[in-house]
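Accompanying notes for the structure given below.
Please read these numbers as outputs of a predicted model, since none were measured by experiment.
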Protein chains: 2
Amino acid sequence: MEKLKILVVDDESRMRKLVKDFLVRKNYDVIEAENGEQAIDLFFSKKDIDLIILDVMMPKLDGWQVCREIRQYSKVPIIMLTAKSDEKDELLGFDLGVDEYISKPFSPKILVARVEAVLRRSTVTEEDSMEVGGILLDKSAHQVKIDGQEIDLSFKEFELLTYFVTNQGVALSREKILNNVWNYDYFGDARTIDTHVKKLRSKMGPKGDFIKTIWGLGYKFEVDA
Amino acid sequence: MEKLKILVVDDESRMRKLVKDFLVRKNYDVIEAENGEQAIDLFFSKKDIDLIILDVMMPKLDGWQVCREIRQYSKVPIIMLTAKSDEKDELLGFDLGVDEYISKPFSPKILVARVEAVLRRSTVTEEDSMEVGGILLDKSAHQVKIDGQEIDLSFKEFELLTYFVTNQGVALSREKILNNVWNYDYFGDARTIDTHVKKLRSKMGPKGDFIKTIWGLGYKFEVDA
DNA sequence: ACATATTATCATGGAACTATGACGAAATTG
DNA sequence: CAATTTCGTCATAGTTCCATGATAATATGT
């Protein structure tokens with residue numbers, strides 16, 4: 001396996017060196033940034049950074065701001081370094097999508113353990129994809145593959161299929177579908193579902209038959225035996 | 001929707017507080033227990049706990065034992081917290097009916113994600129089904145199986161059979177059937193029930209005989225001895 | 001056994017529902 | 001702001017289902 005790239009962001013060079021040393025010893029590739037702006041630049045210029053270790057306290061752009069910025073475009077794992085183990089900070093961080101949290105001073109053992117834990121987690125694809133009967137639904141990428149073949153779905157079609165798949169085997173009334181796939185304030189014709197179902201079925205080829213019509217009730221997604 | 005109740009069991013109060021904080025922020029109702037016995041007491045005294053988060057390592061009654069105990073009486077979702085990610089522990093856990101598994105140290109993000117995943121699963125599996133004499137009625141899927149064989153019923157037929165099955169052993173007049181299976185505003189011929197009963201009987205094969213005619217009164221669903 | 005009341009069965013027309021294609025409105029993109 | 005895609009609506013055609021009424025079969029009481 002190739003070396004994993006870790007971006008270490010801290011204004012103190014001593015701290016950067018410390019962290020880097022331990023990580024390099026564990027065979028990671030370490031890139032340094034000495035402030036928030038540089039971190040963001042580096043992250044978006046190098047497209048293959050696997051983890052960011054981010055100091056909270058930095059002049060100008062602090063860690064939270066950097067995190068917020070990056071989270072708008074990426075789900076890269078982020079570990080925050082902070083001096084005070086203030087709980088409110090932690091809560092804020094997790095809201096921003098911080099994956100882990102290390103308070104200074106920390107032992108190298110803790111550092112390496114957290115890094116490895118986060119990396120282990122991030123490589124395991126979490127709940128954002130499902131596979132049913134040869135239909136692979138990638139929620140984060142908003143993309144569907146059928147038997148390995150990517151198919152193009154519009155936004156609504158994707159949402160509708162997602163709803164079907166997450167409720168497989170359950171009979172769904174049109175009303176229920178409207179309330180869950182459409183917004184609650186949508187009071188249009190329930191027949192519009194028919195149209196979307198039609199398109200879905202045709203785009204899904206043979207597997208379109210997995211969407212069954214339940215006469216007088218609605219639809220049901222079910223994989224044939 | 002009402003708040004879901006989560007029981008958090010750990011001997012370390014620090015850990016309980018940590019878990020509780022994040023769950024409370026996600027609008028769950030959290031109850032704490034500091035050992036296995038207390039957990040079991042609480043679970044069986046409060047009858048409406050939706051999920052249990054259980055530390056493995058606890059003095060006296062450990063997590064496995066608590067899990068085993070509770071599983072004898074309940075299918076409540078259980079998430080195990082464990083320090084060592086020893087694989088044997090995991091396997092043991094899944095044998096006991098553990099739904100998820102989180103190894104320490106974990107991030108709250110992971111915690112919340114797992115909790116939500118487990119809850120989603122467990123509510124989807126709301127078994128709206130009944131089984132009588134080899135007839136399996138799955139309301140949520142709007143589907144009927146007889147001796148494992150799926151049979152196609154129309155909407156009315158399904159409703160009628162459901163009504164029969166939920167009132168098994170009870171003699172039902174046509175009037176009663178009309179009022180319950182048909183809409184209130186239906187004032188047509190009660191003879192239409194005969195037709196539906198006929199179809200049901202024929203579609204149900206030998207088990208169609210479970211629908212008995214009560215001469216001069218109506219029908220009754222009853223499983224033969 | 002007979003007359004009568006009730007239920008079973010069948011065929012059928014119509015009602016209710018769904019599928020489909022086309023079109024214009026709305027949103028998105030360049 | 002033009003081009004493109006997506007979305008909701010509608011009309012039409014196609015399908016399934018259901019109520020009805022007629023007739024056959026069965027049960028009940030005398």
Lys/Arg N to Asp/Glu carboxylate O, B:K207 vs B:D147, below 4.0 Å: yes
How many Å lie between CZ on A:R201 and P on C:dT20, as a whole number? 7 Å
Would you call B:K5-B:D48 a salt bridge at under 4.0 Å N-O? yes
Nearest-Å distance, CD (A:E157) to P (D:dT5)? 13 Å
Classify A:L153 by what it touches in the nucleic acid, base, sugar-phosphate, or nothing, heavy-atom distance under 4.0 Å. nothing
Measure centre to centre between the rings of B:W182 and B:H196, then say whether the value is under 6.0 Å. yes
C:dA8 phosphate, OP1 or OP2: any side-chain N/O from B:Y219 under 4.0 angstrom? yes
Length of the line joining B:L200:CG and D:dC17:P, which is rounded to integer Å: 13 Å
Examine D:dA19: is either OP1 or OP2 under 4.0 Å from a nitrogen or oxygen in the side chain of B:W182? Give yes or no. yes
Let me know the distance between CG of B:D194 and P of C:dA11, rounded to the nearest Å. 17 Å
For A:K198, report the nucleic acid contact type (base, sugar-phosphate, nothing); a contact means any heavy atom under 4.0 Å. base
Less than 4.0 angstrom between a side-chain N/O of B:H196 and OP1 or OP2 of D:dA19, yes or no? yes
Residues in salt bridge (Lys or Arg N to Asp or Glu O under 4.0 Å) with A:K203, at least two apart? A:E157
Between B:Y219 and B:N167, is any pair of side-chain heavy atoms under 4.5 Å apart? no
Rounded to whole Å, please give me the gap between CZ in B:F155 and C1' in C:dA16. 12 Å
What nucleic acid atoms does B:L217 come within less than 4.0 Å of, heavy atoms only: base, sugar-phosphate, or nothing? sugar-phosphate
How does protein reach along nucleotides 20-30 of chain D, written 5' to 3' as B (base within reach of a heavy atom under 4.0 Å), S (only sugar-phosphate), or - (no contact)? B------SS--
Going by distance alone, is a donor N or O of one side chain under 3.5 Å from an acceptor N or O of the other, for B:T192 and B:R174? no
Tell me what A:F158 touches on the nucleic acid: a base, only sugar-phosphate, or nothing, going by heavy atoms under 4.0 Å. nothing
Side-chain heavy atoms of A:L7 within contact of A:L51, under 4.5 Å: no
Measure the distance from NZ on B:K156 to P on C:dA15 and round it to the nearest whole Å. 16 Å
Does OP1 or OP2 of D:dC7 have a side-chain N or O of A:S154 closer than 4.0 Å? yes
Rounded to whole angstroms, how far apart are NZ on A:K212 and C1' on C:dT18? 17 Å
So does A:R174 get a side-chain nitrogen or oxygen closer than 4.0 Å to the phosphate oxygens (OP1/OP2) of C:dT18? yes
Round to a whole Å and report the spacing from CD1 of A:I214 to C1' of C:dA19. 17 Å
